[in-house]
Amino acid sequence: MQKRVLLNLALLVMVLGLGAIALFKWKSDVPPEIQPLTTLDKNQVQQIVISRIDDNDIVLQKDRQDQWSISEPLQLAANQFRIDSILQFLTTKHYQQLESPVDFAQLGLSQPAVSLTVDGTWLGLGIKSPFNDGRRYVAMNNQAYLVVDTISYFLIGDAALFASLFPLGSQPIITDIKLPNLSLQLQGHRWEFLTPTDPSLDNSADAIQGLIKAWQNLQALSVRRYQTQAPQLAQIDVTLKNTGTLQFVLLATEPEFILALPEKNVQYQIASEQVDTLLSLPEKPINRAIDTNTL
């Protein structure tokens, strides 16, 4: 009986030993977790500086309400999609670290044409990968990496590419609007006409609210620097509660619909189908009399 107990104990020890060996081998076979390209917490980043050798720096700043804006060379609300793209690039796990020694000059990293300084962390962007695989060489902390490139195309562009596509900002409250042939002012909870209205147009509360809502939801297709040589067709003033008046200049309605903000040195391309909804009230619906003889 004692021999059987000893034999069982020996078998148990053997099984536990084999299990420990198998567990150690399994753990050693698991690849280490890939760390992000940088240690930055994208939710805590406060400032992004984009430096270009052949152009001005672009400075992007986050305020206390976690809203991003361009502070240099323009002063505008920033395009959140562009900001998110940069932050995702900084925390990507899709990269490969190059083994030393690395010829930084040959990879365009000794004096990068474009670099990022993000809360004190510097990254330089070099040339494209020769394998045509959508990657680009990046330098950071005296190390070189191949990183999936999702941002260089707009980093090398004009600062206006970082401007928000919403000319009136987020959730604007309009109190006064002056269009080429129409002026409205909010008095209490009611919109009042400041100029005579065209009798052929629908001046109902629903039509007015539709016009105001179209401006409140205005989103541009693209933003670029203001083309000062372009002829001005009309001025449009939109007054926002707690913000002030934005003085737009209408540059074109066809084939492109373009509104400019000369004070901010930018112009917005708007979808052409929005010309009528933004610049005028709709026409009155036609009331057709019913011929009872035909019933």
Open item on the list: What I want to check is whether the side chains of Arg135 and Gln96 have a donor and an acceptor closer together than 3.5 Å.
Closed with: yes
Report, one line per pair, each donor and acceptor closer than 3.5 Å where one atom sits in a side chain of residues 40-51; sequence neighbours left out.
unit_1, atom_1, unit_2, atom_2, d
Asp41, OD1, Asn43, N, 3.0
Gln46, NE2, Gln44, O, 3.1
Gln47, NE2, Gln61, OE1, 2.8

Task: Lys62 atom NZ, neighbour heavy-atom count above 12 within 6.0 Å - done: yes
Open item on the list: For a quick check under 3.5 Å, do Asp206 and Ser204 share a side-chain donor-acceptor pair by atom type?
Closed with: no
TODO: List for me each residue that meets side-chain hydrogen bond (donor to acceptor under 3.5 Å, both in side chains) alongside Gln97, sequence neighbours excluded, and say none if there are none.
DONE: Gln143
Task: Pairs meeting criterion ring pair (Phe, Tyr, Trp, His ring centres under 6.0 Å) with involvement of residues 63-109, two or more places apart - done: Tyr95-Tyr145
For residues 276-284, please give each side-chain donor-acceptor pair under 3.5 Å, one per line with the distance, not counting sequence neighbours.
unit_1, atom_1, unit_2, atom_2, d
Thr277, OG1, Gln274, O, 3.0
Lys284, NZ, Pro199, O, 3.1

Task: Residues forming a salt bridge (charged side-chain N to carboxylate O under 4.0 Å, His left out) with Arg64, sequence neighbours excluded - done: none
Task: Partners passing salt bridge (charged side-chain N to carboxylate O under 4.0 Å, His left out) against Asp237 (at least two apart in sequence or in another chain) - done: none
Open item on the list: Within the 3.5 Å criterion, strictly below it, is a donor on Gln80 or Asp84 matched to an acceptor on the partner's side chain?
Closed with: yes
Task: Any residue meeting side-chain hydrogen bond (donor to acceptor under 3.5 Å, both in side chains) with Gln187, in chain and number order, not counting sequence neighbours - done: Gln185
TODO: Would you mind listing the cluster partners of Tyr226? Hydrophobic ones only (ILVMFWY), side-chain contacts under 4.5 Å, chaining allowed.
DONE: Val249, Leu251, Ile258
Task: All pairs passing ring pair (Phe, Tyr, Trp, His ring centres under 6.0 Å) where residues 153-189 contributes a residue, at least two apart - done: Phe154-Phe162
Open item on the list: Regarding Arg224 and Asp158, does a basic nitrogen lie under 4.0 Å from an acidic carboxylate oxygen?
Closed with: no
Task: Qualifying residues under salt bridge (charged side-chain N to carboxylate O under 4.0 Å, His left out), relative to Arg136, sequence neighbours excluded - done: Asp149
Task: Sequence-distant partners of Asn56, side-chain hydrogen bond (donor to acceptor under 3.5 Å, both in side chains), two or more places apart - done: none
Task: Contacts of type salt bridge (charged side-chain N to carboxylate O under 4.0 Å, His left out), residue Arg82, not counting sequence neighbours - done: none
